[in-house]
Amino acid sequence: MPNPFSTSTSGEIASPSKPAAGFFSRARVLLGIKVLLTLLVLGLLIATIKPREILDAVIGARHGLVLISLVLVVPNLGLRALKWGYLLRRVKPKAPVSEILNTMLVGFTFAVVTPGQLGEFGRAFFISGRPRLELIGLSFIDKWYNLSAIVLGGSLGILLLPGLVFDGNAYLFISCCILVAIFWAAAILMMASPRWIRDLLYAINVMLPSRDKVKVLLSGLDPIYQRQSLILGGLGIIHYLVYIVQFYLLVLSFQSVSFFDAFRAASSTIFVKAALPISVGGLGVGETASVAFFRIFGVSSVAAFNASVMLFSMNILLPAVIGVFVLLRLRIASENGHE
């Protein structure tokens with residue numbers, strides 16, 4: 001058997017970590033592409049809208065509404081922390097509040113720079129005393145309930161867009177109604193009856209080669225029954241509605257728009273942003289979608305763009321920056337309860 005630590009002709013030990021190095025190299029390339037794409041899309045949007053108009057709109061905005069939206073960041077993050085803490089304490093009952101808050105904020109930091117915000121799973125590396133894969137599984141469950149709310153609200157918002165409801169193609173509208181009904185039925189069924197999802201995944205896992213590791217990953221579902229699922233789903237939906245209200249207030253600070261119209265445009269924007277994780281933190285994609293959807297309801301590109309950028313800054317960038325400072329004083333925790 002060849003020695004993985006064989007020496008070269010010069011006497012130096014050969015590196016055994018070429019696959020890992022290749023993985024991180026590809027990750028850096030992917031991140032570079034995402035950053036470039038984000039800057040390109042944002043640059044084109046700003047050039048189209050014109051920087052002076054953007055600045056003038058910010059100066060002339062109703063800053064009281066912006067301040068209210070900023071204050072809503074507190075309940076927004078509080079709901080996220082409550083949901084994550086509720087999940088974590090299913091497997092670690094004595095998890096301190098500081099651990100819940102710190103890992104949530106660190107998750108924001110990692111999420112900003114990873115595709116589809118998958119870096120949010122990195123919070124698992126700063127929680128001691130539980131199997132790492134189990135904690136990653138919990139993070140996935142937490143993310144799933146967030147995405148469920150986005151799918152429920154976004155599919156409804158897109159369905160209610162004027163092009164589909166009014167003077168639209170009847171066959172397209174009916175097809176979309178059926179598709180949305182399927183989305184809603186699947187999401188509600190999973191929330192109301194989580195045990196059959198768990199049992200199905202465990203049954204599939206029996207056929208997988210790394211079944212032991214996958215079993216640990218799925219073990220986060222073990223303490224999730226109907227009551228727990230409905231609580232998690234409810235927290236996810238309330239958090240989503242707070243997010244929609246923030247978006248509405250920010251648009252309203254620049255231009256008048258009805259709440260119903262804002263809901264249709266905002267929910268569609270958030271849905272598209274989640275469905276296309278191709279930029280850093282969704283920046284650029286969200287702004288493009290915001291301009292496109294709000295334009296349907298007569299909202300100017302400047303108002304839609306500024307509202308989307310502010311929403312990103314308040315709910316993603318600000319927690320991510322705080323998470324950087326939290327990360328500087330944290331150490332990666334081992335699974336046996338020690339650092």
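Computation of the quantities below employed the complete heavy-atom set of this structure, encompassing side-chain atoms and omitting hydrogens, waters and symmetry-equivalent molecules. Remember, predicted model here, so these are calculated numbers, not experimental data.
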Tell me whether R89 contacts the main-chain N or O of A95 through its side chain, where contact means a donor paired with an acceptor under 3.5 Å. yes
Angle between ring planes, F259 versus Y248, binned at 30° and 60°: parallel, tilted or perpendicular? perpendicular
Decide if atom OH of Y225 counts as having more than 12 heavy atoms of other residues, nucleotides or ligands within a radius under 6.0 Å. no
Any donor-acceptor N/O pair, S268 side chain to R264 backbone, under 3.5 Å: yes
Would you say L87 ends up clustered with L101 if hydrophobic residues are merged whenever their side chains have heavy atoms under 4.5 Å apart, either directly or through other cluster members? no
Report, as yes or no, whether the 6.0 Å neighbourhood of atom CZ on F297 holds more than 12 heavy atoms from other residues, nucleotides or ligands. yes
Give a yes or no answer on whether the side chain of D261 reaches the backbone of V257 with a donor-acceptor pair at less than 3.5 Å. no
Give a yes or no on whether the backbone of V216 and the side-chain of S219 come within a donor-acceptor separation of less than 3.5 Å. yes
I want to know whether Y240 and Y145 have ring centres closer than 6.0 Å. no
We want to know whether W84 and T103 form a side-chain donor-acceptor pair, criterion being a heavy-atom distance below 3.5 angstrom. yes
Does the side chain to side chain contact (heavy atoms under 4.5 Å, CB included) test come out yes or no for F121 and K143, once each step is laid out? CA-CA 9 Å; F121 300 157; K143 192 174 183 66; 4.0 Å; yes
Could you walk me through whether F183 and F271 pass ring-ring contact (aromatic ring centres under 6.0 Å, His included), step by step? CA-CA 13 Å; F183 279 149; F271 182 82; 7.0 Å; no
Following the transitive rule for hydrophobic clusters with a side-chain heavy-atom cut-off under 4.5 Å over Ile, Leu, Val, Met, Phe, Trp and Tyr, establish whether W184 and L160 coincide in one cluster. yes
Would you mind checking if E120 and R80 are paired as a salt bridge, meaning a charged N to carboxylate O distance below 4.0 Å? yes
Give the minimum heavy-atom separation between S308 and E287, together with the two atoms involved. OG-OE2, 2.7 Å
So, is the end of the R295 side chain (NZ or CZ) under 6.0 Å from the ring centre of F293 and within 45° of the ring's axis? no
Can V245 and L241 be said to form a side chain to side chain contact (heavy atoms under 4.5 Å, CB included), step by step? CA-CA 6 Å; V245 170; L241 292 176; 5.6 Å; no
I want to check something: taking the side chain as every heavy atom from C-beta on, are L159 and C177 in contact at a cut-off of under 4.5 Å? yes
Mind listing the closest non-hydrogen atom pair of V106 and G323 along with its distance? CG2-O, 4.1 Å
Give a yes or no on whether F260 and L152 share a hydrophobic cluster (residues Ile, Leu, Val, Met, Phe, Trp, Tyr; joining criterion: side-chain heavy atoms under 4.5 Å apart). yes
List the atom of L133, the atom of K213, and the distance in Å for their closest heavy-atom pair. CD1-O, 3.5 Å
How far apart are the C-alpha atoms of L252 and R62, what are their side-chain angles, what is the distance that settles it, and do they pass the side chain to side chain contact (heavy atoms under 4.5 Å, CB included) test? CA-CA 8 Å; L252 194 63; R62 288 184 274 183; 3.9 Å; yes
Under 4.5 Å between side-chain heavy atoms, hopping through other hydrophobics if needed: is there a path connecting I188 to I141? yes
Can you list, pair by pair, the side-chain donor-acceptor contacts under 3.5 Å of residues 189-200, counting residues two or more places apart and other chains?
unit_1: R195; atom_1: NH1; unit_2: L221; atom_2: O; d: 3.2
unit_1: R195; atom_1: NH1; unit_2: D222; atom_2: O; d: 2.8
unit_1: R195; atom_1: NH1; unit_2: I224; atom_2: O; d: 3.0
unit_1: W196; atom_1: NE1; unit_2: S193; atom_2: O; d: 3.1
unit_1: R198; atom_1: NE; unit_2: D222; atom_2: OD1; d: 2.8
unit_1: R198; atom_1: NH2; unit_2: D222; atom_2: OD1; d: 3.4

Same cluster for I158 and V151 if Ile/Leu/Val/Met/Phe/Trp/Tyr side chains link at under 4.5 Å? yes
Just to verify, what does S98 make a side-chain contact (heavy atoms from CB on, under 4.5 Å) with, not counting sequence neighbours? P96, N102
